Amino acid sequence: MQELDQTVTIGATVPTGFEHTAAEEVQEKLEATARVSKNRGRIYFDITTDKLFKVHQLKSLDNLFVVVKDYDDYQFKTTKEEVQLDWQELATKLPWTNALEVWKLNNSIKKKKGRRKRTNPTKSDQCGNFSTKSTDTVPSDPEELLVDLEALEVKENQRDVSSQPEDDSEEEKHSEIQDQESGVTPLKFRVTCNRAGEKHCFTSNDAARDFGGAVQEFFQWKADMTKFDVEVLLNIHNNEVVVGIALTVESLHRRNITHFGPTTLRSTLAYGMLRLCKPQVSDVIVDPMCGTGAIPLEGVMEWQNSFFLAGDNNGTAVSRSVNNIKHIVKRTHDEGSPSGLPLDIVQWDLCNLPMRSSSVDIIITDMPFGKRMGSKKKNWELYPLCLREMARVCKPGTGKAVLLTQDKKCFLKALLQMEGLWRKSHTVWVNVGGLHAGVFVLKRTAVVFGTTSEDVMEPHTDKDAFECYLIW
């Protein structure tokens with residue numbers, strides 16, 4: 001085993017559009033410089049393995065993997081047969097040992113209990129998987145899995161020294177016999193390929209199958225699509241190829257939410273939006289359409305010196321938010337942290353907020369897209385009223401708003417109507433569940449509410465709206 005403080009390259013998937021925001025967090029918390037991939041939604045950074053635990057605590061990252069090898073300009077062959085031979089040769093040349101050491105260290109850090117659970121992969125061309133059915137059993141705790149790293153190093157050395165394939169075969173047979181005699185259960189694995197580009201003569205499934213077959217032959221592992229111990233990643237973007245080993249079983253964005261709604265925002269996306277706000281000490285931050293509370297929960301865990309107020313007009317959504325808060329409070333209490341969070345949840349009419357004018361520093365929310373919640377038609381009435389009420393409670397001159405919506409046409413039209421109260425600073429384009437959406441960063445103008453033509457609109461009332469009352 002090599003020293004545990006070796007330098008390795010970690011790859012991470014992040015919400016599309018927030019790559020640079022994630023890179024800023026990596027620099028801030030790990031003092032490492034992150035590189036943004038050509039393929040959107042991924043970053044790479046170098047760390048020493050003693051910081052691996054801190055990587056799992058980063059709020060911007062969805063999935064993690066350790067890079068085995070990356071190629072900036074991989075020259076693919078022109079036929080499927082030639083590419084298949086290339087995959088077979090590549091599997092035997094890759095420096096697997098260090099990555100497998102990191103994988104094993106990562107298992108000891110996570111201390112996962114029970115089998116790894118994964119959903120079946122899709123059959124789309126964007127994600128291919130290689131596997132064969134296996135009925136062998138493996139230990140339920142990954143820490144019990146044994147990886148003979150010294151044998152791997154010997155095998156790599158033999159590959160470089162010996163040019164006779166029959167010698168390699170003899171060594172593999174000898175290693176397999178040793179495994180059987182020692183009672184070591186072969187690891188189960190799968191290969192997942194993510195491919196983007198039009199100049200490839202193969203599909204993702206082709207690459208996963210061929211490369212996976214070569215990996216299986218090299219390590220003598222058992223292939224299993226669902227109950228695998230090791231997930232080998234093959235990421236292809238045009239001529240860029242990155243081979244890695246997954247370090248996360250499920251996305252890190254599931255860290256805070258236990259009670260989900262129909263349109264629950266990913267915690268990593270919520271965190272990215274909050275970083276755009278740059279919250280300061282004592283800031284009052286409001287989410288007027290909080291849903292299940294993903295944004296305020298993410299905020300209160302990171303910026304505990306600000307005060308968060310969130311609400312929704314839907315009683316079920318408010319109940320889900322309260323339950324999510326209770327879960328966080330219990331978890332922090334169990335970890336020995338002081339009980340209580342600087343956060344209140346309220347049920348209210350978002351167009352008649354029970355707040356004083358000019359009392360809020362930051363407004364941040366996920367607005368209804370008009371898809372699964374609300375409708376495009378209703379948004380034409382709702383958006384102007386929301387922006388007007390947000391302008392009323394937001395501090396003139398210094399207030400900010402960060403608003404996420406996929407209904408861009410409607411939002412920009414509403415913003416034009418409120419141009420005396422809001423100025424658009426910039427827009428971050430993101431992918432939300434396959435939908436092209438925008439995070440609009442607005443600045444409150446210095447105009448005092450009530451002195452412009454936008455303020456003559458009558459306050460919106462809804463006969464079915466709930467009365468506002470404090471819940472948390």
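Note that these values count all heavy atoms, side chains included, but never hydrogens, waters or copies made by symmetry. Predicted, not measured: the structure shown is a model, and the values here were computed from it.
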Yes or no on ring pair (Phe, Tyr, Trp, His ring centres under 6.0 Å) for Trp303 and Tyr271, after CA distance, side-chain angles and deciding distance?
CA-CA 11 Å; Trp303 292 276; Tyr271 179 80; 5.6 Å; yes
Is there a donor-acceptor contact under 3.5 Å from the side chain of [X] to the main chain of [Y]?
X: Asn324; Y: Thr292; answer: yes
X: Asp344; Y: Leu309; answer: no
X: Asn238; Y: Glu240; answer: no
X: Lys443; Y: Ser425; answer: no
X: Glu25; Y: Ser60; answer: yes
X: Arg392; Y: Leu353; answer: yes
X: Asp283; Y: Ile285; answer: no
X: Thr427; Y: Gly438; answer: no
X: Asn106; Y: Val102; answer: no
X: Glu19; Y: Gly41; answer: yes

Checking side chain to side chain donor-acceptor pair (under 3.5 Å) for the pair Asn235/Asn194: CA distance, chi angles, key distance, verdict?
CA-CA 5 Å; Asn235 297 323; Asn194 296 285; 3.3 Å; yes
What class does the angle between the rings of Trp429 and His436 fall in, given that below 30° is parallel, 30 to 60° is tilted and above 60° is perpendicular?
parallel
Give the ring-plane orientation class for Tyr71 versus Tyr74, where under 30° counts as parallel, over 60° as perpendicular and anything between as tilted.
perpendicular
Report yes if some heavy atom in the side chain of [X] is under 4.5 Å from a heavy atom in the side chain of [Y]; otherwise report no.
X: Tyr383; Y: Leu403; value: no
X: Val242; Y: Val67; value: yes
X: Ser321; Y: Asp312; value: no
X: Asp70; Y: Tyr44; value: no
X: Phe411; Y: Leu387; value: yes

Might you confirm whether atom NZ of Lys408 has over 12 heavy atoms from other residues, nucleotides or ligands at distances under 6.0 Å?
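More than 12 heavy atoms, drawn from other residues, nucleotides or ligands, come within 6.0 Å of this atom.
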Taking atom NZ of Lys29 as the centre, report whether more than 12 heavy atoms of other residues, nucleotides or ligands fall under 6.0 Å from it.
yes
Output yes when Lys59 and Glu302 qualify as a salt bridge under the 4.0 Å nitrogen-oxygen rule, no when they do not.
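Between Glu302 and Lys59 there is a salt bridge, with a charged N closer than 4.0 Å to a carboxylate O.
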State plainly whether the residues Lys51 and Asp46 are in salt-bridge range, i.e. N to O under 4.0 Å.
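Asp46 and Lys51: not salt-bridged.
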